[in-house]
Amino acid sequence: MKLIIVSNRLPVSLRRGQGNWEFDESPGGLASGLRAYLRSPAGAPASGYVWVGWPGATVEAEMQTEVSCRCREEYCACPVFLSREETEDFYEGFCNNTLWPLFHYFPSKVSYDENGWAGYERVNRAFAEQVLEVAEPGDLVWVHDYHLLLLPALLREKVPGLRVGYFLHIPFPSYEMFRMLPDAWRTRLLRGMLGADVVGFHTHDYTQYFLKSVRRILGHEHDMGRIMLSDRQVAVDTFPMGIEFGSFETRAAGAGAARAREELLRPLGDSRIVLSIDRLDYTKGITNRLMAYDRFLDMNPDWRGKVVLLMIVVPSRTGVEDYQRMKMRTDELVGQINGRFGTLTWTPIIYQYRSLPQEQLIPLYSASDVMLVTPMRDGMNLVAKEYVASRPDDGGVLILSEMAGAASELGEATIVNPNDVPAMARAIKAALEMPTEIRQRNMAAMRERLRRYDVVRWAGEFLEALQEDRTRLDRRLLSPTNRARLFERFRTAARRLVVCDYDGTLVPLRSSPGLARPDGALLATLDGLAHAADVVIVSGRSRADLDGWFGGLDVALVAEHGAWFRERSAGWSRPAVLADDWKAKVRDLMERYVDRLPGAFVEDKEYTVAWHFRRADPEPAAIRIRELADHLISLTETSDLKVIEGDKVIEVKPSAVSKTGCCQRFLARGHDFVLAMGDVTDEELFKSLPENVYSVRVGLSHSYARFNVAGQGQARGLLESLAALAAELAPVTSPALS
Ligand code: GDG
């Protein structure tokens, strides 16, 4: 088993040298974090890893083989080559002009360009092809970040059994923001992510926002973060990314950093240092930060001449006009502040517009009294964590935006709102004047947490979840061996019985009960099965529905959860005489709740009344259903009625009515092979069955059934195969059910 890491950028970037391509390490939190994990003793599985991604430049066709070989041999990397046009539509287009601003809450900057979307789809497909070229059975694939939201589903389409994890490094926005995308895009993006077995986010909020969008847009519920799809589960969870804590700590305490610190501090004399480092981006809050520093100097004349803001802005997306404007605005503001407060001997802001080697970052971190990390939005922000890790002296104060993912872990930092310029100005003053004892206590607490949850632990936990999850699900599924045994038992049995639920087992659940009619293939399957087995369809449907659909087949029927049954080639009977005088009261109550939830409706049957909410908005439905359930339970608690909850439906029926009770009459007839298949509403039946019965629950959930099949499609497949086998067997000569 090898690990396949997939990210937009490879950990190496190509640069055109003299007549040749040169290779540099790619910067950025994702690349350096994963590099650290792969280097660690706990990292990369024994059989190795390969990294699939874009090499950062357009490589001419004739050079691609050579570049691929070098990437493979020297960096375990597998490049995805993209044309200039592809990177424009994909990267500059959909990634940076649509997803980036939307996911960072800048809706006015979002472009809804269709070429961008087309490019995004095309490039995600190109990534899928490349991954599939290197993937082998048993490999783990770990897809990263917003550039590749469609990739997990594309991979699963081609290789359904592949283990795929997905991690988003930027925020997942609230539903109100995400829904701004056109329906076709937002649906595809969510389905793309749900192609993974495990989906991870930095914070609990992002996880919740994602689950909410999935519920509202795709209609999939979740149970403690597990989304039940028709054929599998997706685990959605929070994994806050850490840093290589030990490495920062050791280097900060080393002699090299001490020398560099000295050199840095010498020209600054006794000035206290406030540090700011980020990529030039509108999400980083650079303008507001400068305004806060301006306000701080304005309000605190005593501090003038005694403090310096060291501001490193790393160039990014330099070709984009918006970013060029931002650069001009930053230059201008820095000039204004230096002009307004500076003297011949003191410059308030030392501003560097360039990238620094990491070796220079660490002395900067460890020499600064205050670190200002005040993004407008940030998925996590590793700079904040690197600052904390680089303070083995427990010194320094971190001022951190509440909009950075890191704020949910670093509560001991001075937390600020990046829109509140006066509060940030006050925070700078308070940080500079913070008593040593408090400063050290805060720093020590944050360091302890980051030391424990470092990048190796982060990656390890994610990959463990990916592996664990699969193992657990595998255990519940009807395995090929058990399936073969079931077929053998069916073949050799003298009398066979097949009991099947209808909705959710024989046909998929539909938005309205009227839409879930049996298709021709299903009728043929049941007819084929009835050739060699006694077949009973057990349903909550009315007898009129069942008669209309299956009246022509030689099968037995159970309607309204057991209120009625029909033996093969006989009329309908009731197991007991039932009262229906309670129905009007229950129906009235349910009607009241229909008025309170658009899309809900009441189905009135002979002995049961059902309230359906499959077509309703799932958010308000989740509230109403609890209220209605409470109300129904208190209304019926002194009566002989029972409230049952199904999939997007709640029903009231007489207690005497039960599928289980009704099925017992069919079970006690000396069959030596029994298969009972059903869904959530059949748990009571599964519980009552003897051990030798093949009980099969449709969907991956805990169950009293012996086995699970992943979804309704698989349930149908099983019956079709049994029907094919039945055709080879002798017909049922003396039907047991008659
Ligand atoms: C995404 C999310 C999330 C910075 N300046 C220089 C330099 N850096 C290094 C830092 C740090 C990394 O770059 C930046 O970390 P961020 O956390 O800001 O992450 P990004 O990679 O920009 O972006 C972000 C992250 O993914 C991880 O999930 O935290 O929210 O946007 O490691 O040290 N490195 C060098 N020179 C610099 O001048 N060498």
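Reckoned from all heavy atoms, side chains included, excluding hydrogens, waters and symmetry mates.
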State which residue, out of F103, F201, W100, F94, fulfils the ring-ring contact (aromatic ring centres under 6.0 Å, His included) condition with Y146. W100
[Y] and [X], any side-chain heavy atoms less than 4.5 Å apart:
{"X": "Y704", "Y": "L685", "value": "no"}
{"X": "L30", "Y": "F167", "value": "no"}
{"X": "R543", "Y": "L557", "value": "no"}
{"X": "W611", "Y": "V652", "value": "no"}
{"X": "W117", "Y": "P182", "value": "no"}
{"X": "F127", "Y": "H147", "value": "no"}
{"X": "T98", "Y": "D113", "value": "no"}
{"X": "M376", "Y": "S401", "value": "no"}

Heavy-atom donor-acceptor pair, [X] side chain to [Y] backbone, under 3.5 Å:
{"X": "T608", "Y": "D604", "answer": "no"}
{"X": "N124", "Y": "L150", "answer": "yes"}
{"X": "H202", "Y": "H169", "answer": "yes"}

One pair to check against salt bridge (charged side-chain N to carboxylate O under 4.0 Å, His left out): E560 and K653. What are the steps and the verdict? CA-CA 9 Å; E560 290 199 38; K653 64 178 183 71; over 6 Å; no
Ion pair check, [X] and [Y], cut-off under 4.0 Å:
{"X": "R156", "Y": "D197", "value": "yes"}
{"X": "E684", "Y": "K659", "value": "no"}
{"X": "E591", "Y": "R587", "value": "no"}
{"X": "R626", "Y": "E645", "value": "yes"}

Do [X] and [Y] have ring centres separated by under 6.0 Å?
{"X": "Y593", "Y": "F613", "result": "no"}
{"X": "Y175", "Y": "Y209", "result": "no"}
{"X": "Y37", "Y": "F462", "result": "no"}

I need the single residue from K648, R510, R541, R614 that forms a salt bridge (charged side-chain N to carboxylate O under 4.0 Å, His left out) with D503. Which is it? R541
Return the minimal non-hydrogen interatomic distance between N381 and A404, and the atom names on each side. CB-CB, 4.4 Å
Just say parallel, tilted or perpendicular for the rings of W458 and W142, cut-offs at 30° and 60°. tilted
